[in-house]
Amino acid sequence: MDGACPALWGSSRAGEGCRFQLATNIGAILALLGASPAGLPAPLTAAQLLWINIIMDGPPAMALAVDPARDDVMRHPPRDPGERILDARRLYAISRAGAVMALGTVVLLALARSAFGTDTALTMAFTAFVLFQLFNSLCARADDGSLLGRHQLRNRTLWLCLAGVLAVQVAAVQLPWARTVFGTVPLDATQWALCLGTASTVLLAELAVRGAQTALHGSDGARQ
């Protein structure tokens, strides 16, 4: 079993990075495709997409690659060497997360546009999509089991990356020279809170799905 542990966890870490980045890409594509039929402007500009893919997406994905093994890793059987990194369950999780991010971005854009105006709404949509990645990285760290536990605190590199992502996004929105580059306007505390609340839905959705799966498996075990 000792020899199987690196292979087991290495495959899992590769899957974490793939899940995180693909969910981000799917979310961005769906958000762009969904805004136009709703009569909304594109929620992300070319510069913002580049910002997301290089600055917001890359460092957390690399941090997931050095995720420490969980305490119960040795309780799992070795993975089949021929097993796909992106199996059906992981593809479903990626699609689900991408859909939640896209829906949240478009809905926030629509509601904020009527409440705060187009420029502020577009900045909120951009900010919410970036903040989605903070929560998405937590969802990607395990395909099953608890999302909120001590294991979430063990990857210091990831937390440093997430803190850095948040800091540079604040700069992109609040600093005058950065606003010129990204086409943003400053947000107040209430607007930041709305962006953060919207972004948390990807984690809440994952918690709901895992709770339902646990309940379903528990009821199946009870019937047996």
Side-chain angles (χ1 to χ4, degrees), residues 19-61 91-140 161-206 208:
R19 174 176 171 175
F20 173 75
Q21 291 192 301
L22 286 176
T24 301
N25 292 336
I26 289 174
I29 292 170
L30 292 178
L32 290 169
L33 292 176
S36 181
L40 298 169
L44 300 169
T45 66
Q48 291 168 356
L49 285 170
L50 189 62
W51 177 254
I52 290 167
N53 278 307
I54 295 178
I55 304 299
M56 302 303 175
D57 203 15
L91 287 172
Y92 170 62
I94 290 169
S95 301
R96 182 175 66 236
V100 170
M101 287 189 280
L103 180 62
T105 300
V106 172
V107 169
L108 178 64
L109 175 58
L111 296 178
R113 190 185 188 195
S114 61
F116 306 115
T118 299
D119 290 342
T120 298
L122 287 169
T123 300
M124 291 177 68
F126 169 46
T127 299
F129 194 84
V130 169
L131 296 180
F132 266 122
Q133 309 323 311
L134 307 185
F135 295 99
N136 183 35
S137 66
L138 302 181
C139 297
C161 285
L162 297 183
V165 164
L166 180 59
V168 295
Q169 181 62 23
V170 171
V173 171
Q174 303 299 133
L175 296 182
W177 65 267
R179 295 201 299 266
T180 301
V181 174
F182 296 105
T184 56
V185 297
L187 301 179
D188 61 28
T190 299
Q191 292 160 350
W192 273 100
L194 289 172
C195 294
L196 188 63
T198 300
S200 69
T201 57
V202 73
L203 178 62
L204 296 175
E206 187 69 18

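The shown structure was predicted, so the numbers you read here are calculated from the model rather than taken from an experiment.
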Worksheet item: Do the side chains of Phe135 and Glu206 get nearer than 4.5 Å, heavy atoms only?
Response: no
Worksheet item: What's the shortest heavy-atom distance between Val100 and Ala205, and which atoms?
Response: CG2-CB, 4.1 Å
Fill in: Ile52 to Thr24 - nearest heavy-atom pair and separation
CG2-CG2, 4.0 Å
Practice prompt. Determine whether Phe20 and Ile94 make a side-chain contact, defined as any pair of heavy atoms from C-beta on separated by less than 4.5 Å.
Written response: no
Discussion item. Working to the nearest 0.5 angstrom, can you tell me the gap between Leu122 CG and Leu109 CG?
Written reply: 5.5 Å
Discussion item. Distance check, rounded to the nearest 0.5 Å: Leu166 atom CG versus Cys161 atom SG?
Written reply: 13.0 Å
Item to complete: Give, for atom CG of Leu162 and atom CG of Leu134, the distance between the pair rounded to the nearest 0.5 Å.
Response: 5.5 Å
Discussion item. Whether the side chain of Ser36 engages the backbone of Leu32 through a donor-acceptor N/O pair (distance < 3.5 Å, no angle test) should be reported.
Written reply: no
Worksheet item: Quick one: CG on Asn25 to CD1 on Ile29, what's the gap to the nearest 0.5 Å?
Response: 6.0 Å
Worksheet item: Just checking, Arg113 and Phe116: is the charged tip under 6.0 Å from the six-membered ring centre and within 45° of the axis?
Response: no
Item to complete: Would you mind reporting whether Leu175 and Arg179 have side-chain heavy atoms less than 4.5 Å apart?
Response: no
Fill in: Evaluation steps, side-chain hydrogen bond (donor to acceptor under 3.5 Å, both in side chains), between Thr120 and Gln191
CA-CA 9 Å; Thr120 298; Gln191 292 160 350; 4.9 Å; no
Worksheet item: Just wondering, do Trp192 and Met124 contact through their side chains at under 4.5 Å, heavy atoms?
Response: no
Practice prompt. Kindly determine whether Phe126 and Thr105 satisfy side-chain contact (heavy atoms from CB on, under 4.5 Å), including the steps that lead there.
Written response: CA-CA 8 Å; Phe126 169 46; Thr105 300; over 6 Å; no
Discussion item. Within this structure, what is the CH2-OG1 distance for the pair Trp177 and Thr180, rounded to the nearest 0.5 Å?
Written reply: 9.5 Å
Response to the item:
So OG1 of Thr127 and CG of Leu108: to nearest 0.5 Å the spacing works out to 9.0 Å
Worksheet item: What pair of heavy atoms forms the shortest contact from Ala171 to Ala178, and how long is it?
Response: O-CB, 3.3 Å
Worksheet item: Shortest non-hydrogen contact from Phe182 to Gln48?
Response: O-NE2, 3.0 Å
Practice prompt. Determine the minimum heavy-atom distance between Ala35 and Val106, stating which atoms define it.
Written response: N-CG2, 4.2 Å
Worksheet item: Which heavy atom of Ala28 sits nearest a heavy atom of Leu49, and at what distance?
Response: CB-CD2, 4.1 Å
